[in-house]
Number of protein chains: 2
Amino acid sequence: MGTLTVGEVARDSGVSGSAVRFYERQGLITAARTGGNQRRFDADAACRIRVARVAQRVGLTVNEIRDLLAALPPDPQLADWQGLHDRLTAEAERRIRDLHAALDDIGSGRRLCDL
Amino acid sequence: MGTLTVGEVARDSGVSGSAVRFYERQGLITAARTGGNQRRFDADAACRIRVARVAQRVGLTVNEIRDLLAALPPDPQLADWQGLHDRLTAEAERRIRDLHAALDDIGSGRRLCDL
DNA sequence: CTAGGACTTGAACTAATGGTGAAGTCAATG
DNA sequence: CATTGACTTCACCATTAGTTCAAGTCCTAG
């Protein structure tokens, strides 16, 4: 139904109010509006934001996180969160593989430079 | 002594001429000047740029790469390049550890969110 | 010696990233 | 009904890594 204000979601998720509004603009979270045009969020908003913060640590941009969270239906079930978890894990592992590939290039037979 | 022009270094390193000038401005490479004020680079310039590109893949910013390359003396020996290699490797591994830590947080007992 | 391609500078511009701040409006309480 | 804190929008900020432009200079091959 949407009962939480920007400030409450900010507190619950640990980000600033301006960040909450930013995330809504970017489509990471959605809000209903009061008669006076104020945002009202569902309980899962803070939750989505916490996921978004983890995703940022993994290296995803806000745009990529929007796409990731788009897979999450309204009123998500455990399996939905699990799916997100799996995607994030896969992404982190992909990035780890990329770094290993860079390491391989660095350490491969040919030197960084042949002086 | 410095015999290579911007264009030659660009060709040898695989970046654009404007990027070569940018890297010099940022202190990743240094250049001598002709009487007519044109840049002349040593043979290791392209080499440093190739190192810089690998460092970018590892996730270093140009500023960080400047600091990294600052450790490289003029006319570097094999051991100097080896030192760079080690530092880059350490940095990549640090980033891999950070990703693993994020993975641990994702997968740890507490769910992404407790719905 | 001259033509023209490669070079010079500095500033403006691009494009993405992740927000913040100012000025003004709303809403709940005493 | 007035205060005060939370809310609104939109413009703006700072960083990152360059690119582009104009107007002019250099240098090398013929």
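Below, chains carry the letters A, B, ... as their sequence lines are ordered, and counting in each starts from 1. Just so it is clear, the values below take in all heavy atoms, side chains as well, and ignore hydrogens, waters and symmetry mates. All of these numbers come straight from a predicted model, not from anything done at the bench.
- Legend: residues meeting salt bridge (charged side-chain N to carboxylate O under 4.0 Å, His left out) with A:Arg57, ordered by chain and number and at least two apart, are B:Asp105.
- For A:Asp98, the salt bridge (charged side-chain N to carboxylate O under 4.0 Å, His left out) partners at least two apart in sequence or on another chain are A:Arg94.
- When the P atom of D:dT19 is taken as reference, atom CD of B:Gln26 falls 12 Å away, rounded to whole Å.
- Residues satisfying the salt bridge (charged side-chain N to carboxylate O under 4.0 Å, His left out) criterion with A:Glu64, sequence neighbours excluded, are A:Arg95.
- In terms of the side-chain hydrogen bond (donor to acceptor under 3.5 Å, both in side chains) criterion, B:Thr34 has no residue partners (sequence neighbours excluded).
- Contacts of B:Arg39 classified as side-chain hydrogen bond (donor to acceptor under 3.5 Å, both in side chains), with partners at least two apart in sequence or in another chain: B:Glu24.
- Look at B:Thr34 and you'll find a side-chain N or O under 4.0 angstrom from OP1 or OP2 of D:dC27.
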Report each atom pair, protein N/O against N/O of nucleotides 3-9 of chain D, whose distance is under 3.5 angstrom.
from, atom 1, to, atom 2, distance (Å)
D:dC7, OP1, A:Thr5, OG1, 2.5
D:dC7, OP1, A:Val6, N, 3.2
D:dC7, OP1, A:Gly7, N, 2.9
D:dC7, OP2, A:Gly7, N, 3.0
D:dT8, OP1, A:Arg39, N, 2.3
D:dT8, OP1, A:Arg39, NH1, 3.3
D:dT8, OP2, A:Arg39, NH1, 2.7
D:dT8, O5', A:Arg39, NH1, 3.4
D:dT8, O3', A:Asn37, ND2, 3.4
D:dT9, OP1, A:Arg33, NH1, 3.4
D:dT9, OP2, A:Arg39, NH1, 3.2
D:dT9, OP2, A:Arg39, NH2, 2.7

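- Take A:Asp80 and apply the side-chain hydrogen bond (donor to acceptor under 3.5 Å, both in side chains) test, not counting sequence neighbours, and it matches no residue.
- Only one option out of B:Asp44, B:Leu69, B:Val20 pairs with B:Ile49 in a side chain to side chain contact (heavy atoms under 4.5 Å, CB included); it is B:Val20.
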**OP:** Sugar-phosphate means primed atoms, P, OP1 and OP2; the rest is base. With that split, encode nucleotides 13-20 of chain C 5' to 3' as B, S or - using protein heavy atoms under 4.0 Å.
**Re:** ----SBBB
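- For the side-chain hydrogen bond (donor to acceptor under 3.5 Å, both in side chains) test, residues two or more places apart in sequence or in another chain that qualify with B:Arg66 are B:Asn63.
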